[in-house]
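Report on the following structure.
Chain letters run A, B, ... following the sequence lines, proteins first and then strands; every chain starts at 1. Predicted model, so just to flag it, every value in this text is computed and none were measured.
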Amino acid sequence: MTTATFTGQSEEPAPGSQASYLTAEGFTLRSWLLTKDHKRIAILYTISITLFFFVGGAAATLIRFNLVTPPGLFQPDTYNRLFTMHGIVMVWFFLIPSIPTTLGNFLIPLMIGAKDLAFPRLNLLSWYLFVIAGVLGLIAIGAGGVDTGWTFYTPFSTMYSNGYVVLALAAVFVSGFSSILTGLNFIVSIHRLRAPGLTWYRLPVFCWSNYATALILVLATPILAITLALVAVERLLKVGIFDPALGGDPLLFQHLFWFYSHPAVYIMILPGFGVISEIVPCFARKPLFGYKFVVWSSIAIAGIGFFVWAHHMFVAGISLYAGLVFSLLSYIIAVPSAIKVFNWTATLHKGWISFDAPMLYALGFIGLFTIGGLTGLFVANLAFDVHATDTYFVVAHFHYIMVGGMVSAYFGGLHYWWPKITGRLYPEWWARIAAILIFFGFNLTFFPQFILGYLGMQRRYASYPPEFQIWNVLSSAGASILAVGYALPLFYLGWSLWRGQKAGPNPWAATGLEWRTPSPPPPHNFDVTPTVTRPPYQYRPDPEPQDV
Amino acid sequence: MSETPLAPQDLGRLHLEPQYATARQQAETAAFGMWVFLATEVLFFGGMLFGYTYLRATFPEGFAEAARETHVIIGTINTVVLLTSSFTMAWAVHAAERDRRRATALLLAATALLGLLFLGLKGLEYYKEWEEGVVPGLNFHKDGPNAHVAAMFYYLYFMLTGVHGLHVTIGIGLVALMAVRAWRGGFSARYYTPVEVTGLYWHFVDLVWIFLYPLIYLAGRSGP
Ligand code: HEM
Ligand SMILES: [Cu+2]
C-alpha cells in the first residue's frame with residue numbers, strides 16, 4: 001500500500017483568543033443540528049436522554065401508584081402497558097445510551113488528547129438514528145402502548161399481544177444501530193487517535209470501560225436487531241421460527257434475546273465503573289489501586305458476559321446440565337466485578353477523602369452495586385432461583401445495579417464533569433442534598449422489594465395479596481423521595497448554567513488531559529496536541545504538574 | 001514507500017479531517033472502521049445462522065427435504081458470479097493503488113454489473129419459488145407431514161437471502177459511486193481509501209454468500 005503522508009498543521013487560532021465549543025459555531029439551531037463536534041453531539045444526546053428519563057420515570061411513578069393498594073388502581077392491561085413502556089424506555093432510551101453517548105462522547109476525545117472522534121459524521125448520524133428510534137417509540141406509546149414487557153417474549157409478542165408491538169420493535173431496532181455506530185466510533189478512536197505518549201496502560205479507566213462497553217455494543221446489538229426483525233416478520237406474516245403453533249421454538253427466541261441482553265446489562269454498568277474509577281482517585285487524592293486489574297476486569301466482563309445468558313432461562317426448560325454450566329459461569333463473572341469493588345475500596349484506604357457531590361454518588365454506587373452484584377449470585381444459584389425467579393427479588397437485584405449503580409454513576413459523572421462541560425460550577429450544597437436524597441430514597445424503594453420477592457410476590461402483576469401491602473407502601477414512599485432527588489438537579493444544574501460561578505480549567509485539581517484545556521473547551525479541544533509522559537491518577541505523592 | 005511531501009493539487013483530494021495528523025492515519029482509520037463494522041455484520045447474519053443451525057439440528061429430515069428442492073443450478077451460477085465480482089473488485093483496488101484511473105473505473109463498473117447479474121438471477125429464483133408456492137405467509141402450498149418444517153426452512157431462506165440481497169444492493173450502489181468517482185479522476189495512488197473500504201465491504205458480502213450457498217443448496221443434497 002502506498003503511504004502518503006501530509007504533515008501540515010491545520011490552521012489554529014492563537015491560544016487564549018478562541019471561543020469555546022458552545023459559542024464558536026454560534027447559537028443557531030442549525031449550528032447545533034448539523035454539528036460534527038463530539039461535544040455538541042454529547043449535549044444533544046444529554047437533552048434527548050433526559051427527556052426519556054422523565055418519560056420512563058412517569059411510567060414508574062404510575063406503577064408505584066398502582067401498587068400502593070393490593071387491588072391496584074389500573075386495569076391489568078393498562079398496568080402491563082405501563083411496566084412495558086417503563087422497561088423499554090429506561091433500557092434502550094436512557095440507560096444504554098446514558099453514559100457512553102453523553103459523557104463518553106464528550107470526554108473520550110478529550111481524555112485521549114484528540115480533536116474529535118474518528119468519524120464525526122457517523123457520530124451525528126447515530127444521534128439522528130436515536131431520535132428517529134425515540135419518535136417511533138413515542139408513537140407506539142401514544143397510539144396505545146405495548147404489553148409484552150421489555151423482553152418481547154414469543155409467542156405472546158408474535159401471536160397474542162394486541163399492542164403496537166411492531167412499532168416498538170422498530171424503535172428498538174433503529175436505536176440498536178445508533179448504539180452500534182457509537183460503539184464503532186469509540187473503538188476506532190481509542191485505537192487510532194491517542195495522543196503521543198498515551199500508551200494503553202496510561203489510558204484513563206473511563207476510556208477502557210467505554211472501550212469494553214463498545215465491544216459489547218458492536219458485537220451483541222446486531223443479534224438483538226436481527227432477532228427483533230424476525231419477531232416483527234413473524235407477527236406480521238404469521239410465519240416464523242419462534243411460535244410452537246408454527247412448529248417453531250420459543251426457547252430459540254429466549255436464547256437469542258438473552259444472548260444480547262445479558263451482555264447488554266454490562267453495557268448498562270461498565271461505563272459506570274469507568275466514572276467511579278475517575279471520581280474515587282480524585283476525591284481520595286490517591287492513584288487508583290491496581291490499575292491493571294481494574295482495566296482487565298472490564299475486558300474480562302465484556303468477554304465472559306457473552307457466556308452466561310441462559311441464567312435467565314433456568315426455569316424456561318433448558319436442561320439441568322445446561323443450567324449447571326450457566327450457573328457456574330455466572331459465578332465466575334462475579335469475580336471481575338468484585339475485583340473492582342476491592343480496588344475502589346483499597347483506593348479509599350488512607351486517602352484524603354473529601355465528600356463533594358460526585359464522591360457521594362461514587363460511594364453510594366460502591367455500596368449499592370455490591371448489594372446488586374451479591375444478589376446476582378443468589379439468583380445465579382439454581383435452587384434459589386427456582387424460588388426467586390419472576391419475583392420482586394429479581395426486580396430488586398437489577399434495580400440495585402442499574403439504578404443504584406449506573407444511574408448514580410451517571411449523576412456522579414455529570415456533576416464531576418459539569419464544570420468542564422458548561423464552564424460553571426454547580427451549587428455544592430444542593431448537589432449534596434440531592435445525592436443523599438437519592439441514596440436514601442433508592443434504598444427505601446428497592447430494599448423492600450428484596451423482602452417482597454423472598455416472600456413470594458410475583459413481578460408484572462397489577463394486584464397482589466393484601467399481606468404484601470406494607471412493603472409496597474414503603475417502596476412507593478421511597479419512590480417519591482427518589483423522584484424529588486432526581487428532579488432537583490434539573491433545577492440547580494439549570495440555574496448554574498446562568499448563575500453558577502465560573503469554573504477554571506481544573507476545579508478539582510484532577511489529573512487527566514480533559515482538565516488541561518479551558519472549560520468549556522475550544523472547538524478542537526486542544527491548542528497544541530498534548531503529550532503524555534506518565535500513568536493516570538498521579539495524585540500522590542507527586543501531583544501532576546498543571547502547566548504541561 | 002517514502003513519505004514525500006505532496007503536490008498542492010493533491011492536498012485538496014486527501015480530504016484530511018482535523019482529527020487526523022496525517023493522511024495515512026486517516027486512511028488506516030477508515031479501513032479499521034470498516035473492519036469493526038464488518039464484525040457487527042458477522043453477528044447480524046450470525047443471529048439468523050444460529051436460528052438455522054438450531055432448527056436444522058431439531059428437524060434434520062424436514063430441513064434436508066426442503067433444501068433438496070432449492071434451485072441449485074441458479075445458486076451455483078450465482079456463486080460463480082459473486083466470486084468473479086470479488087476478483088474484479090480486488091483488481092480494481094490493485095489498479096487504484098497503481099494510479100490506473102481508467103482500469104479502476106472499468107473494473108469497478110464490471111463489479112457492479114456482476115452484482116446486478118447476481119440480483120437478476122436471484123430475482124429469477126424468487127419468481128420460480130413464487131410459482132412453486134413455497135413463499136411462507138404469502139403463497140405457500142406445501143403439504144405433508146413436514147410442511148411446517150419446510151415453511152420454517154423457506155422462511156429462513158427468504159430472510160437470509162433477502163438481507164444478503166439488501167447488502168448486495170447497497171454494495172452495488174457504493175461500487176457504482178466509486179466507479180464514477182474513479183472515472184472523474186477522484187482518486188490517486190495517494191488517495192484511494194474509499195475504493196479500498198468499499199472493496200472490504202464487497203468481499204464481506206461475497207463471503208456471506210459463501211456461507212449461505214452450502215447451507216441452502218447443498219445441505220439437503222449431501223449424504224445418501
Ligand atoms: C454479578 C454478576 C451478576 C449475576 C451473577 C447476575 C445474575 C442474574 C440472574 C441469574 C438473573 C435471572 C434471575 C431470574 O430471572 O430468575 C438476573 C436477572 C437480571 N439481571 Fe443480573 N446478574 C449480575 C449482574 C447484573 C448487572 C451488572 C445487571 C445490570 C446492569 C443485571 C441486570 C439484570 C436484569 C435486568 C435482570 C432481569 C431481566 C428480566 O428478566 O427482566 N445483572 N441476573
Ligand atoms: Cu444476565
For this session: Count the heavy-atom pairs under 4.5 Å between each of A:Leu224, A:Leu181, A:Leu117 and chain B, then report the option with the highest count.
Result: A:Leu117
Exercise. Can you say whether A:Leu215 sits under 4.5 Å from chain B via the side chain, the backbone, both, or neither, judging by heavy atoms?
Worked result: neither
Exercise. Counting heavy-atom pairs under 4.5 Å to chain A, which of B:Thr58, B:Val93, B:Thr29, B:Val36 comes out on top?
Worked result: B:Thr29
Exercise. Which answer fits A:Ile180, side chain, backbone, both or neither, if we ask what part of it has an atom under 4.5 Å from a heavy atom of chain B?
Worked result: side chain
For this session: Might you confirm whether atom CZ of B:Arg98 has over 12 heavy atoms from other residues, nucleotides or ligands at distances under 6.0 Å?
Result: yes
Exercise. Chain A heavy atoms under 4.5 Å from B:Phe59: which part of the residue, side chain, backbone, both or neither?
Worked result: side chain
Exercise. Would A:Val233 and B:Met159 satisfy side-chain contact (heavy atoms from CB on, under 4.5 Å), going step by step from the backbone distance to the final call?
Worked result: CA-CA 9 Å; A:Val233 175; B:Met159 290 300 290; 4.0 Å; yes
For this session: Just give me the residue among A:Asn525, A:Leu230, A:Leu122, A:Asp249 that pairs up with chain B most often, heavy atom to heavy atom, under 4.5 Å.
Result: A:Leu230
Seminar exercise, completed: The reported gap from CG in A:Asp116 to OH in B:Tyr20 (rounded to nearest 0.5 angstrom) is 9.0 Å
Problem set entry | Crowding at CH2, B:Trp130 (>12 non-hydrogen neighbours, <6.0 Å) | yes
For this session: State whether the number of non-hydrogen atoms from other residues, nucleotides or ligands found under 6.0 Å of A:Phe306 atom CZ is greater than 12.
Result: yes
Exercise. Which atom pair, heavy atoms only, marks the closest approach of B:Gln19 to A:Lys115?
Worked result: CA-CB, 4.0 Å
Seminar exercise, completed: In this structure, CD of B:Glu28 is separated from CZ of A:Arg192 (nearest 0.5 Å) by 4.5 Å
Problem set entry | Engaged part of B:Ala39 at the chain A interface, taking heavy atoms whose separation is under 4.5 Å | both
Exercise. Is a donor on one side and an acceptor on the other found under 3.5 Å between the side chain of B:Thr40 and the backbone of A:Val218?
Worked result: yes
Problem set entry | Non-hydrogen atoms of B:Met152 and A:Gly240 that approach each other most closely | CG-O, 3.3 Å
Problem set entry | Pick from A:Leu219, A:Leu237, A:Thr221 with the largest number of heavy-atom pairs that fall under 4.5 Å of chain B | A:Leu219
Exercise. When rounded to the nearest 0.5 angstrom, what distance separates CZ in A:Phe177 from CZ in B:Phe44?
Worked result: 4.5 Å
Exercise. Counting only heavy atoms not in A:Lys238, do more than 12 fall under 6.0 Å of its NZ?
Worked result: yes
Problem set entry | Contact winner vs chain A - B:Leu156, B:Leu55, B:Val42, B:Val149, heavy-atom pairs under 4.5 Å | B:Leu55
Problem set entry | Winner by heavy-atom pair count (cut-off under 4.5 Å) against chain B, out of A:Gly183, A:Pro222, A:Ala220 | A:Pro222
For this session: Between chain B and each of A:Asn185, A:Leu193, A:Leu236, count heavy-atom pairs under 4.5 Å; write down the option with the most.
Result: A:Leu193
Problem set entry | Note, A:Leu252 side chain near B:Phe50 side chain (heavy atom, < 4.5 Å) | yes
Exercise. Where does A:Ala118 contact chain B at under 4.5 Å (heavy atoms): side chain, backbone, both or neither?
Worked result: both
For this session: Check whether B:Tyr54 gets within reach of chain A through its side chain, its backbone, both or neither, counting any heavy atom under 4.5 Å.
Result: side chain
For this session: To the nearest 0.5 Å, tell me how far B:Phe32 CZ sits from A:His191 NE2.
Result: 4.0 Å
Exercise. Among A:Leu217, A:Ile223, A:Thr227, which residue forms the greatest number of heavy-atom pairs with chain B at distances under 4.5 Å?
Worked result: A:Ile223
For this session: State the CE-CD1 distance between B:Met48 and A:Ile226, to the nearest 0.5 angstrom.
Result: 3.5 Å
Problem set entry | Residue B:Arg100 excluded, over 12 heavy atoms near CZ under 6.0 Å | no
